[in-house]
Amino acid sequence: MAIIVNLDMMLAKRKMTSLELANRVGITPANLSILKTGKAKAVRMSTMDAICRELQCQPGDLFEFVEDDDPWKR
């Protein structure tokens with residue numbers, strides 16, 4: 001099982017840079033990068049709230065669950 005982070009895709013749709021989002025949300029660009037790459041072990045709800053507010057999206061727009069044996073994952 002894997003959780004895929006689609007934050008890059010949402011940033012592109014909103015024509016916003018990672019740095020701009022980090023500044024608006026109040027987190028470091030390094031922490032946003034950790035989230036974007038899927039290396040984060042946890043995300044604070046307040047951070048998710050701020051990201052969704054700035055990107056005008058739902059949490060489900062940012063994350064996707066994919067089964068390990070799913071051929072579309074590749």
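The CD1 atom of Ile3 lies 6.0 Å from the CZ atom of Phe65; values are rounded to the nearest 0.5 Å. Atom NZ of Lys41 is separated from atom CG of Leu35 by 13.0 Å, given to the nearest 0.5 angstrom. Here CD1 of Ile4 is found 11.0 Å from CE of Met9. Values are rounded to the nearest 0.5 Å. Remark: Leu7 CG to Leu32 CG distance equals 5.5 Å, nearest 0.5 Å. The distance from atom NZ of Lys15 to atom CD of Glu20, rounded to the nearest 0.5 Å, is 13.0 Å.
Counting only heavy atoms from C-beta outward, the side chains of Asn6 and Asp61 never approach each other to under 4.5 Å. Lys36 places a side-chain heavy atom less than 4.5 Å from the side chain of Leu11. Residues Met48 and Arg44 have side chains not in contact (no heavy-atom distance under 4.5 Å, counting atoms from C-beta outward). Annotation: side chain of Leu55 is in contact with side chain of Met16 (closest heavy-atom distance under 4.5 Å). Asp49 is listed as a side-chain neighbour of Arg53, based on a closest heavy-atom distance under 4.5 Å. Proximity of Ile27 to Leu21: side-chain heavy atoms (C-beta onward) are nowhere separated by under 4.5 Å. Between Arg14 and Cys57, some side-chain heavy-atom pair lies under the 4.5 Å cut-off.
Side chain of Thr37 to backbone of Ser33: a donor-acceptor contact under 3.5 angstrom is found.
Across every non-hydrogen atom of Cys52 and Pro59, the tightest pair is SG-N, 3.6 Å. Heavy atoms only, all atoms of each residue included: Gly38 and Val5 are closest at CA-CG2, 3.9 Å.
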message: What verdict does the side chain to side chain contact (heavy atoms under 4.5 Å, CB included) test give for Ile51 and Val43, after you've listed the backbone C-alpha separation in whole Å, the side-chain angles of each residue and the deciding distance to 0.1 Å?
response: CA-CA 11 Å; Ile51 290 172; Val43 182; 5.6 Å; no
